[in-house]
Amino acid sequence: MLRTKHVLSFTHKALFQQPRFLSFPSNAQLVLSTHSHNTHLREALLQMALCNHDIDFQGYNTLLIWCVGKRAFREGQRVHAHMIKTHYVPCLYLRTRLVLFYNKCDSLEHARRVFDEMPERNVVSWTAMISAYSQRGYASQASSLFVQMLRSGTEPNAFTFATVLPSCIGSFGFILGNQIHCLVIKLNYEANVYVGSSLLDMYAKDGKIHEARGIFECLPERDVVSCTAIISGYAQLGLDEEALELFRRLQGEGMQSNYVTYTSVLTALSGLAILDHGKQMHNHLLRSEVPSFVVLQNSLIDMYSKCGNLTYARRIFDTMHERTVISWNAMLVGYSKHGEGKEVLELFTLMREENKVKPDSVTVLAVLSGCSHGGLEDKGMDIFYDMTSGKISVQPVPKHYGCVVDLLGRAGRVEEAFEFIKKMPFEPSAAIWGSLLGACSVHSNVDIGEFVGHRLLEIEPENAGNYVILSNLYASAGRWEDVRSLRNLMLRKDVTKEPGRSWIELDQVLHTFHANDCSHPRREEVSAKVQELSVRFKEAGYVPDLSCVLHDVDEEQKEKIILSHSEKLALAFGLIATPEHATIRVIKNLRICVDCHNFAKYMSKIYGREVSLRDKNRFHRIVRGKCSCGDYW
DNA sequence: TTAGGGTTAG
């Protein structure tokens, strides 16, 4: 108490009685920053400062800087109120400070009000307001404010460009972003590393990675942010090998990496599903000085689960000191993708019991899809109804309905799925009809399948996949006339299926397969194997996974049927189908990876021995884009 | 006074 009294007395003197020796602002700043941890004292000091009726520019400025630094909303509001009460007319500089202060204290409305009431504005005040929107993800507000700024005749600077460009997303955003790029060139800000990073990131997000790379290569100086932006650009587009290659090169060139860089690198590693490399990176991180932020740990969970090692993923999850909803979602998605429905439900229960983090839309999607893959359709339906009745406070979105259709369809409850679609509170999308069509195809429900198929052909006549599934469905019912007319329709409409490719390495030789492929020298052997497996699947009583169907069609038809990606993998499996070799590592497309996992399960049952996808020594690596057996093509 | 890159789902 004595000490507080002493300080107060000193402060009073310092602030008001000795202005010649110690000016007001420097003292206010000194005293406030020294004692800012003491709320009562802070209050008293501010009170005293505001008792002064003649606070000048510097005084207000100092107080506001202090409020911004401490994110002291109430105190800052009082400073603002003091200006109004004493009829002080703040200059542009101080008004901008107020905008910055309100923005820092998360009060966008107040910031905007101050901004709107500005009698004049300069590039800094415009940029501050654009930044307030941009930081909060209000992209359209940020970009439209930028356009208003240009119309007002204010010339943007490097800060403005670096601020507005991240808000140039979506189709309209990218168009604006391209125009802004022109302005950047015109005003000669191309060489600015902040502007360059924002620009290249925008192009990468628009899928124009070559543009992005061009900008990166032209930057006269690079830093950790610009390097991370280009690496993450590749990773987010699924160009994982390129991302890693660049990361290695830049590290060689002495690039500094931080936790954001590693997060992007882990994304690339997840895509490649190379567990060994992922582990190496994890080891490297443990030994390095890089702080283990939640985002990085989330990436590690994702990497391990996509590489098939759920134990490691769970270990990271369990040892986290703080978890965000993304941590929970990443773990749930991991279990879900691997068909571990029980674990999905257990973890979801734990999440709700802990009640520290609220489930979001992605959480429910992960849980529903986990139930779907794990054969727990009743549980899945319960969760869906918990959501629609408000027991789980997540707003249902069309994707949740899509999950339910998939869940019922996969379980063979095709009629129920059909009825469910009819009762949905929105118009069913092509994706939802497509999901049901897939279910009809697997469970040979020709009646519903025919209806749905034709509906789909109306909605998206250009999607070759729908023709193919419907055609396969007709084929399975022996309706060859309908198969033929569908094929003719495809020819008339000039619809072709983009040939996907699968790669598999066997004894150091790379075999690749694509749609309609009959060029493999051992094709007949493979076909025979697929036939044999197909019979065995049926004998084993398996209902194959939706995307892992081996169609039972005769040889003549097989020539014409366009095979799905997973079927090509099945062909590849047929080539090497012994329990010892029936392990596979799939790069890039996780869906296929899951298919293989299920495939391994079927194989295990057929051969009566465990066929594991997780045994790294038996993995056959599929190398993307580097075919070593050119003869086959 | 004002600035850029990052994690889950689809």
Side-chain angles (χ1 to χ4, degrees), chain A residues 61 64-65 68 91-101 103-104 121-132 134-135 149 156-167 189 192-202 204-205 212 215-216 219 222-233 235-236 257-267 270 293-303 305-306 313 317 323-334 336-337 359-370 397-400 402-403 406 429 431 590-591:
Chain A
N61 194 34
L64 284 175
I65 287 174
V68 169
C91 61
L92 170 60
Y93 189 100
L94 268 188
R95 286 177 197 266
T96 308
R97 269 260 185 265
L98 280 168
V99 172
L100 293 167
F101 157 73
N103 176 32
K104 193 81 174 182
R121 296 174 187 131
N122 65 7
V123 62
V124 182
S125 46
W126 280 103
T127 306
M129 197 61 230
I130 294 168
S131 169
S134 165
Q135 282 167 5
M149 174 187 172
N157 63 16
F159 288 82
T160 326
F161 287 126
T163 306
V164 72
L165 282 166
S167 285
Y189 286 113
N192 181 292
V193 71
Y194 288 84
V195 178
S197 310
S198 292
L199 255 183
L200 76 88
D201 188 57
M202 177 199 71
K205 290 201 165 81
I215 292 166
F216 178 74
L219 279 177
R222 295 164 184 172
D223 62 5
V224 59
V225 177
S226 48
C227 291
T228 306
I230 188 71
I231 293 170
S232 105
Q236 282 173 10
S257 303
N258 64 14
Y259 80 104
V260 181
T261 324
Y262 286 110
T263 302
S264 299
V265 170
L266 283 169
T267 305
S270 311
F293 291 125
V294 181
V295 182
L296 187 57
Q297 291 173 310
N298 292 347
S299 270
L300 279 168
I301 294 177
D302 181 56
M303 183 274 292
S305 84
K306 283 189 178 150
F317 179 84
R323 295 185 195 114
T324 60
V325 68
I326 295 179
S327 326
W328 288 92
N329 291 351
M331 197 64 236
L332 285 166
V333 167
S336 162
K337 295 262 182 202
D360 68 2
S361 181
V362 179
T363 317
V364 180
L365 281 174
V367 175
L368 288 176
S369 117
V397 295
K399 275 176 195 157
H400 292 121
C403 262
D406 183 63
S429 64
L590 186 68
R591 200 171 70 88

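Chain letters run A, B, ... following the sequence lines, proteins first and then strands; every chain starts at 1.
- At the heavy-atom level, A:Asp360 lies nowhere under 4.0 Å from the strands shown.
- Among residues two or more places apart in sequence or in another chain, the side chain to side chain donor-acceptor pair (under 3.5 Å) test is passed with A:Ser264 by none.
- Atom CG in A:Leu332 sits roughly 10 Å away from atom C1' in B:dT8 (whole-Å rounding).
- Here the side chain of A:Ser264 is nearest to one of B:dG6, B:dT1, B:dG5, namely B:dG6.
- Regarding A:Leu165, its CG atom lies at a distance of 19 Å from the P atom of B:dT2, rounded to whole Å.
- Side chain A:Thr263 to base B:dG6: no donor-acceptor pair is found below 3.5 Å.
- Side-chain atoms of A:Asp302 lie closest to B:dT8 of the nucleotides B:dT1, B:dT2, B:dT8.
- Note: CE (A:Met129) to C1' (B:dA3) measures 16 Å, nearest angstrom.
- Side-chain proximity of A:Leu100 to B:dT1, B:dG5, B:dG10: nearest is B:dT1.
- At a threshold of 4.0 angstrom between heavy atoms, the contacts of A:Thr96 include nucleobase atoms, whether or not backbone atoms are also involved.
- Between the side chain of A:Tyr259 and the base of B:dG6, at least one donor-acceptor pair of N or O atoms lies under 3.5 Å.
- Distance from the side chain of A:Ala158 is smallest to B:dA3 among B:dA9, B:dA3, B:dG5.
- Separating the CZ atom of A:Phe293 from the C1' atom of B:dT8 is a distance of 20 Å, rounded to the nearest angstrom.
- No hydrogens or angles considered: a donor-acceptor pair under 3.5 Å links the side chains of A:Thr160 and A:Asn157.
- Computed from coordinates, the A:Asn329 CG to B:dG10 P distance equals 11 Å when rounded to whole Å.
- Base contact: A:Ser226 has a heavy atom under 4.0 Å from a base atom.
- Side-chain proximity of A:Arg97 to the nucleotides B:dG4, B:dT1, B:dA9 is greatest for B:dT1.
- A:Asp223 comes within 4.0 angstrom of a base, heavy atoms only.
- Put simply, the side chain of A:Arg97 never gets that close to the backbone of A:Ile65: no donor and acceptor are under 3.5 Å apart.
- For A:Lys306 and B:dT7, the NZ to C1' distance is 10 Å, given to the nearest whole Å.
- Looking only at distances, a side-chain donor or acceptor of A:Thr267 sits under 3.5 Å from a matching main-chain atom of A:Thr263.
- Residue A:Thr261 is classed as a base contact, given a heavy-atom separation below 4.0 Å to a base.
- Checking B:dG5, B:dG6, B:dT1 against every side-chain atom of A:Val224, the shortest atom distance belongs to B:dG5.
- As a whole-Å value, the separation of A:Tyr262 OH from B:dT7 C1' is 17 Å.
- Straight-line distance from the CG atom of A:Asn103 to the C1' atom of B:dA3: 13 Å, rounded to whole Å.
- No donor-acceptor pair under 3.5 Å is formed between the side chain of A:Asn298 and the backbone N or O of A:Ile301.
- The phosphate of B:dG6 (OP1 or OP2) has a side-chain N or O of A:Lys205 nearer than 4.0 angstrom.
- Distance from the side chain of A:Asn192 is smallest for B:dA3 among the nucleotides B:dG6, B:dA3, B:dT7.
- Listed nucleotides: B:dG5, B:dT7, B:dG4. Nearest to the side chain of A:Tyr194: B:dG4.
- A:Val325 comes within contact range of no nucleotide atom at all, as no heavy-atom separation falls under 4.0 Å.
- No contact: A:Ala128 has no heavy atom under 4.0 Å from any strand.
- Using a 4.0 Å heavy-atom cutoff across all strands shown, A:Asn122 reaches at least one base atom of the nucleic acid.
- For the atom pair A:Tyr93 OH and A:Asn61 CG, the distance stands at 5.0 Å (nearest 0.5 Å).
- Counting any heavy atom pair closer than 4.0 Å across all strands shown, A:Val195 reaches no nucleic acid atom.
- Here the nucleotide nearest the side chain of A:Asn298, chosen from B:dT2, B:dG6, B:dT7, is B:dT7.
- Within the structure, every side-chain polar atom (N or O) of A:Gln236 is placed at least 4.0 Å from both OP1 and OP2 of B:dG5.
- For A:Ala229, the listed nucleotide lying nearest its side chain is B:dG5; candidates were B:dT7, B:dT1, B:dG5.
- Across all strands, A:Lys104 comes closer than 4.0 Å to no nucleic acid atom at all (heavy-atom distances).
- Residues forming a salt bridge (charged side-chain N to carboxylate O under 4.0 Å, His left out) with A:Lys205 (at least two apart in sequence, or on another chain): A:Asp201.
- Remark: the A:Ser198 side chain and the B:dG4 base include no donor-acceptor N/O pair separated by less than 3.5 Å.
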